Amino acid sequence: MSSPVADLRSYLAGLSWPDPQAPRFDPDTAPADPVELFAQWLRAAVEAGAPAPHVMTLATVDAAGRPDARVTVLEDVDESAFWVAASETSPKGKQLGRVPVAALVFHWPSLGRQVRVRGAVRPAEAARTAAAFERLSAHQRADLLADRQSGPLHDEVWLSDALGDPTELLALEGAGPVTAPTWRLWGVDAGRMEFFQAERDGHHVRLRYSRSGSGYGTELLHP
C-alpha cells in the first residue's frame with residue numbers, strides 16, 4: 001500500500017507547466033529602464049485577466065540568517081524602488097528593519113512570466129507612509145491600530161473588541177489623519193531585476209538588469 005507522500009510524488013510528476021499565451025519577448029526591444037518594462041508587463045497581466053497581478057512573494061532574512069517568505073501586495077512603485085507594507089513589530093517588519101535586504105517575485109503563470117527584484121531595503125518617509133495608510137479600508141486601519149499583526153490569536157472575542165467599530169475610527173479620522181505608529185512602507189531597491197519569459201519550445205528568455213551609475217546594464221541568462 002502506497003503512502004500519501006508517495007502518491008503525491010507521482011501526482012506531481014504528472015503535472016505540466018502552464019502553456020504560456022503571451023507573444024514572444026524580444027530583449028532587443030526592451031526599454032533601458034527595468035521599471036518601465038515592469039509597468040508594461042504588469043499592465044499586460046491586468047489586460048490578460050491574470051488574478052491579483054499586483055500580488056508577489058516577499059523574501060527576507062532574520063538576524064540569524066534564516067530565510068523567510070510570504071505572499072503580499074505591492075503598495076507602490078517608483079523609479080528606484082518597489083514598496084511593501086509591514087508593521088515594525090511584526091516578524092516581517094523586524095526582518096526588514098534589522099537585516100535591510102529583500103527579494104521579490106511576481107509570477108503571472110498564464111503569461112509564462114516572472115519578474116524578480118533583489119536589493120537593499122529602506123523605510124519610507126512619514127508622509128509617504130501616511131498617504132498609503134489612508135488608502136486602506138477602515139477595517140484594515142482598525143486592525144493595524146490594534147497592532148497585533150502576526151501575534152498569537154487566543155481569543156476572537158478579544159480581537160473583535162480590540163478592533164472596535166470601523167465607523168468610530170472614521171469619526172476619529174474626521175478630526176485629522178490617524179496612522180498606526182508602527183506601520184510603514186519599506187522600499188526594495190530596484191537596482192537588480194530579472195525578467196523571465198517562458199517559451200513553448202523551452203528556450204526561455206531571461207533578461208537581467210543591473211544598475212550601473214545613473215543607468216542600467218543588461219545581460220541575457222541561460223534558461
Side-chain angles (χ1 to χ4, degrees), residues 5 8 35 38 42 45 50-78 80-109 114-166 169 172-173 177-194 196:
V5 173
L8 182 59
V35 179
F38 172 81
L42 177 65
H54 61 315
V55 167
M56 61 191 176
T57 298
L58 166 65
T60 55
V61 180
D62 68 14
R66 295 169 298 202
D68 209 347
R70 76 288 289 162
V71 174
T72 187
V73 172
L74 178 66
E75 299 286 346
D76 195 3
V77 63
D78 58 27
S80 62
F82 288 71
W83 297 88
V84 300
S87 169
E88 293 175 328
T89 60
S90 70
K92 177 171 58 176
K94 289 177 181 178
Q95 291 171 7
L96 290 168
R98 296 173 183 175
V99 187
V101 292
L104 311 173
V105 180
F106 296 86
H107 185 209
W108 304 302
Q114 299 179 51
V115 177
R116 300 171 61 196
V117 184
R118 186 179 69 182
V121 172
R122 68 180 188 274
E125 64 276 11
R128 185 171 202 150
T129 291
F133 190 80
E134 291 176 16
R135 293 195 294 267
L136 301 176
S137 70
H139 283 282
Q140 288 175 310
R141 294 196 299 272
D143 194 2
L144 292 166
L145 286 167
D147 195 23
R148 294 293 188 273
Q149 185 179 11
S150 297
L153 177 57
H154 300 296
D155 187 344
E156 292 191 11
V157 174
W158 173 90
L159 178 63
S160 178
D161 291 342
L163 297 183
D165 185 350
L169 174 62
L172 180 61
E173 290 180 332
V178 176
T179 303
T182 63
W183 187 87
R184 67 169 56 248
L185 293 185
W186 306 82
V188 180
D189 184 71
R192 188 179 181 90
M193 296 180 61
E194 180 189 323
F196 176 99

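As the structure is a prediction and not an experimental result, all values here were calculated from the model.
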Notebook entry, point to check: Looking at L96 and V84, what are the two nearest heavy atoms and their distance?
Noted result: CD1-CG2, 4.4 Å
Check: Is there side-chain contact between E75 and W186, with at least one heavy-atom pair below 4.5 Å?
Finding: no
Next item on the list: Check the angle between the aromatic planes of F38 and F82 and answer parallel, tilted or perpendicular using the 30° and 60° thresholds.
Entry: perpendicular
Notebook entry, point to check: Is the backbone of A124 close enough, under 3.5 Å, to the side chain of R184 for a donor and an acceptor to pair up by distance?
Noted result: yes
Item checked: Minimal non-hydrogen separation, R122 against S80, with atom names -> NH2-OG, 3.3 Å
Checklist line | Over all atoms of both residues, closest heavy-atom pair of D76 and L74 | finding: O-CD1, 3.2 Å
Margin query: If I take atom CZ from residue R116 and atom OG1 from residue T57, how far apart are they, to the nearest 0.5 angstrom?
Written below: 11.5 Å
Note to self: Tell me the closest heavy-atom pair linking D68 and Q95, and the distance in Å.
What the structure shows: OD2-NE2, 3.4 Å
Item checked: Shortest non-hydrogen contact from P53 toward L42 -> O-CD1, 3.6 Å
Check: Can you find a pair of side-chain heavy atoms, one from V117 and one from R192, that are under 4.5 Å apart?
Finding: no
Next item on the list: Supply the atom-to-atom distance E194 CD to Q114 CD, rounded to the nearest 0.5 angstrom.
Entry: 8.0 Å
Checklist line | Heavy atoms from other residues, nucleotides or ligands near CZ of R98 exceed 12 (cutoff 6.0 Å) | finding: no
Notebook entry, point to check: Would you find a donor on one side and an acceptor on the other, under 3.5 Å apart, between the side chain of T129 and the backbone of L185?
Noted result: yes
Check: Is there a donor-acceptor pair under 3.5 Å between the side chain of R70 and the backbone N or O of L58?
Finding: yes
Notebook entry, point to check: Is it true that a side-chain atom of K92 and a backbone atom of A85 form a donor plus acceptor pair closer than 3.5 Å?
Noted result: yes
Margin query: Less than 4.5 Å apart, side chain to side chain, heavy atoms only: is that true for V55 and V71?
Written below: yes
Item checked: Heavy-atom neighbours of R128 CZ exceed 12 at 6.0 Å -> yes
